[in-house]
Amino acid sequence: MNIQNNISLAPYTTFKIGGPAKHFVEIENVNDVSLAVNFAKANSLSTLILGGGANMLVNDNGFDGLVIHLKNKGIEKIDETDMDIIFKIAAGEIWDDVVSYFVKNNWWGVENLSHIPGLVGSLPIQNVGAYGQQTSEILQTVDAYDTKTDSFVVLSNQDCGFSYRKSIFNSTEKGRYVVLFVTLKLSKIPKPNIKYIDVGKYFVERNIQNPTIEQIRDAIISIRDKKYPFPTVSIGGNAGSFFKNLNLNQSEYDTLKQNIEKNFSPEVVDRLTKIKDKFPQPTGIKIPTAFLIEICGLKGASVGGAKINENQPLVIINSTGTATASDVLELFNKVKNEALRETGMTLVNEPELIGF
Ligand code: NAP
């Protein structure tokens with residue numbers, strides 16, 4: 001195990017922003033995780049588990065602890081029937097390469113999760129989902145290192161406590177486990193999922209009735225890249241959605257409606273009603289935060305090198321390549337304050353804020 005000092009974190013994040021880690025270690029052999037964690041404990045250091053750095057904003061002053069960067073590799077088939085095939089995948093694998101491999105082999109279940117940046121280990125953390133597929137539907141188990149008991153454990157799907165964008169890893173047991181492997185079950189029987197409006201429209205426009213898995217991956221990439229620039233092909237680094245979507249109860253929705261009626265035109269009120277009725281949820285009223293940012297006139301707003309993406313205002317882009325974490329936070333607060341004043345809603349950041 002080679003512990004390095006004073007390593008810049010910017011290149012390890014998809015935002016391309018952030019100061020140095022005081023200590024930094026790369027893990028290729030998972031047994032070293034226990035050594036790294038115990039080094040941190042012995043030196044009273046806080047730890048940061050770093051995968052693809054796709055969902056974080058690192059302070060310009062860096063992180064005053066030990067960064068543990070997972071780099072283990074491997075995709076191992078562990079079971080197969082006529083219907084399904086199960087793989088154990090190392091946390092350090094690049095997620096989109098794994099999706100591409102499954103799609104090429106006609107194994108269904110993750111094609112709608114194409115072009116999501118980051119490594120495999122981050123999948124269970126926020127139960128990554130997009131276009132009607134989510135991690136919890138295909139995940140069998142998670143192999144992890146439990147820093148509380150200093151032991152290697154295997155957690156079942158149920159143990160992970162999954163719900164919408166949530167698991168024990170980002171809520172009740174935050175910071176406890178280091179995810180080392182995930183086991184996913186893919187279907188050998190075609191299961192096209194094209195119910196999302198943008199996806200359905202893509203195929204109608206091309207007059208394709210029964211898309212192949214490759215065509216679905218192509219569709220998702222084409223739709224997604226316009227809104228969420230994929231870090232490896234775009235100039236502007238970013239951390240995906242910087243703002244969480246809203247899930248409101250009736251009284252919160254009433255507050256939003258009253259504010260919109262007071263501060264916006266009848267057309268905007270009409271749009272709100274349509275959005276409310278678009279995706280009825282048993283658990284609440286889904287309101288895309290992008291709608292609020294747009295009506296507040298903040299698409300394209302910028303502070304320093306940080307900019308609200310025109311095509312998907314949930315995304316903050318490092319548009320110059322030289323944005324600082326303070327630029328991003330100042331822009332976030334500007335949007336948050338304006339949205340609160342005009343709509344009464346409190347916007348919440350999705351990426352982890354590291355070292356703040
Ligand atoms: P979008 O497709 O324009 O959808 C905006 C909102 O409407 C989302 O809350 C989405 O729900 C909901 N929605 C759309 N079609 C729906 C349907 N048929 N049934 C139920 N709900 C529906 O969103 P976008 O910004 O372009 O993002 C595309 C996809 O990537 C979305 O699924 C989004 O959630 C996902 N994404 C996920 C993450 C993450 O896991 N952290 C980050 C960025 C984007 P859902 O959110 O449930 O899809």
Side-chain angles (χ1 to χ4, degrees), residues 15 55 57 126 129-132 164-166 195-202 204-205 223-229 236 238-320 323 326-351 353:
F15 236 142
N55 195 39
L57 176 67
Q126 58 158 335
Y131 304 102
Y164 185 71
R165 305 284 181 269
K166 199 170 161 197
K195 63 176 191 266
Y196 263 55
I197 293 160
D198 290 352
V199 185
K201 211 169 114 208
Y202 176 98
V204 169
E205 281 167 7
I223 295 162
R224 195 181 159 95
D225 281 5
K226 290 196 185 94
K227 291 183 166 185
Y228 297 92
N238 67 84
S241 311
F242 203 88
F243 301 86
K244 284 188 179 170
N245 280 322
L246 301 178
N247 199 26
L248 307 179
N249 61 32
Q250 188 61 47
S251 97
E252 290 166 333
Y253 176 75
D254 292 343
T255 305
L256 171 64
K257 188 154 185 261
Q258 279 160 16
N259 279 294
I260 289 199
E261 282 167 349
K262 192 169 88 190
N263 297 327
F264 296 91
S265 66
E267 287 75 31
V268 176
V269 180
D270 194 41
R271 279 179 68 195
L272 175 70
T273 316
K274 287 196 179 118
I275 285 171
K276 175 182 185 272
D277 298 335
K278 206 165 162 189
F279 314 118
Q281 295 291 304
T283 52
I285 302 167
K286 237 179 185 180
I287 301 292
T289 300
F291 168 66
L292 304 190
I293 301 176
E294 185 206 315
I295 61 174
C296 289
L298 290 162
K299 270 180 159 183
S302 65
V303 171
K307 186 175 176 194
I308 299 289
N309 188 11
E310 304 267 2
N311 293 332
Q312 170 46 289
L314 288 187
V315 181
I316 294 183
I317 293 189
N318 177 356
S319 64
T320 55
S326 345
D327 291 343
V328 175
L329 273 197
E330 204 180 309
L331 180 58
F332 171 70
N333 285 323
K334 178 175 163 170
V335 173
K336 194 176 161 181
N337 293 337
E338 184 74 10
L340 183 61
R341 192 167 53 243
E342 296 294 318
T343 70
M345 296 294 109
T346 300
L347 304 189
V348 177
N349 56 294
E350 183 170 301
L353 302 180

With sequence neighbours excluded, residues passing salt bridge (charged side-chain N to carboxylate O under 4.0 Å, His left out) with Lys257: Glu261
Results of side-chain contact (heavy atoms from CB on, under 4.5 Å) for Asp254 - residues two or more places apart only: Gln250
For Ser326, all residues meeting side-chain hydrogen bond (donor to acceptor under 3.5 Å, both in side chains), sequence neighbours excluded: Asp60
Criterion side chain to side chain contact (heavy atoms under 4.5 Å, CB included) on Glu350 and Gln126, from CA distance to verdict: CA-CA 10 Å; Glu350 183 170 301; Gln126 58 158 335; 3.5 Å; yes
Pairing of Asp198 and Lys227 as salt bridge, 4.0 angstrom limit: yes
Those residues that, when tested against Glu330, pass side-chain contact (heavy atoms from CB on, under 4.5 Å) (two or more places apart): Val303
Audit row: Ile197, Tyr202, side chain to side chain contact (heavy atoms under 4.5 Å, CB included) steps and yes/no: CA-CA 9 Å; Ile197 293 160; Tyr202 176 98; over 6 Å; no
Under the ring pair (Phe, Tyr, Trp, His ring centres under 6.0 Å) test, residues paired with Phe15 that sit two or more places apart: none
Ile287 CD1 to Asn245 CG distance, which is reported to the nearest 0.5 Å: 9.5 Å
Partner set under side-chain hydrogen bond (donor to acceptor under 3.5 Å, both in side chains) for Lys195, not counting sequence neighbours: none
Residues forming a salt bridge (charged side-chain N to carboxylate O under 4.0 Å, His left out) with Asp270, sequence neighbours excluded: Lys274
Separation of Leu57 CG from Asn318 CG (nearest 0.5 Å): 10.0 Å
Reported CG-to-CG distance for the pair Asn55 and Asn349, which is rounded to 0.5 angstrom: 9.5 Å
Minimum side-chain heavy-atom gap Ile275-Pro288 below 4.5 Å: yes
Report all side-chain donor-acceptor pairs from residues 338-347 shorter than 3.5 Å, counting only partners two or more places apart or in another chain.
unit_1 : atom_1 : unit_2 : atom_2 : d
Glu338 : OE1    : Arg341 : NH2    : 2.4
Thr343 : OG1    : Ala339 : O      : 2.6
Thr343 : OG1    : Met345 : N      : 3.2

From CA spacing to verdict: side chain to side chain contact (heavy atoms under 4.5 Å, CB included), Asn247, Tyr164: CA-CA 10 Å; Asn247 199 26; Tyr164 185 71; 6.0 Å; no
Spacing of Leu331 atom CG and Ile316 atom CD1 [to the nearest 0.5 Å]: 4.5 Å
Contact summary for Ser241 and Pro351, nearest pair of heavy atoms: O-CD, 3.6 Å
Minimum heavy-atom distance between Ile260 and Phe291, given as atom pair plus value: CD1-CE2, 4.2 Å
Stepwise side chain to side chain contact (heavy atoms under 4.5 Å, CB included) test for Leu298 and Leu292: CA-CA 9 Å; Leu298 290 162; Leu292 304 190; over 6 Å; no
Aromatic plane relationship, Tyr131 with Tyr196 - under 30° parallel, 30 to 60° tilted, over 60° perpendicular: perpendicular
For Glu252, all residues meeting side-chain contact (heavy atoms from CB on, under 4.5 Å), sequence neighbours excluded: Leu248, Asn249
All pairs passing ring-ring contact (aromatic ring centres under 6.0 Å, His included) where residues 239-275 contributes a residue, at least two apart: Phe242-Phe332, Phe243-Phe332
Within-4.5 Å side-chain heavy-atom neighbours: Leu353 and Leu329: yes
Any residue meeting side-chain contact (heavy atoms from CB on, under 4.5 Å) with Lys262, in chain and number order, not counting sequence neighbours: Asn259
Interatomic distance, Ser319 atom OG to Asn238 atom CG [nearest 0.5 angstrom]: 11.0 Å
Ile317 side, atom CD1; Gln312 side, atom CD - distance, nearest 0.5 Å: 10.0 Å
Pairs satisfying side chain to side chain donor-acceptor pair (under 3.5 Å), at least one member in residues 282-310, at least two apart: Arg271-Glu294
Minimum heavy-atom distance between Ala323 and Ala306, given as atom pair plus value: CB-N, 3.8 Å
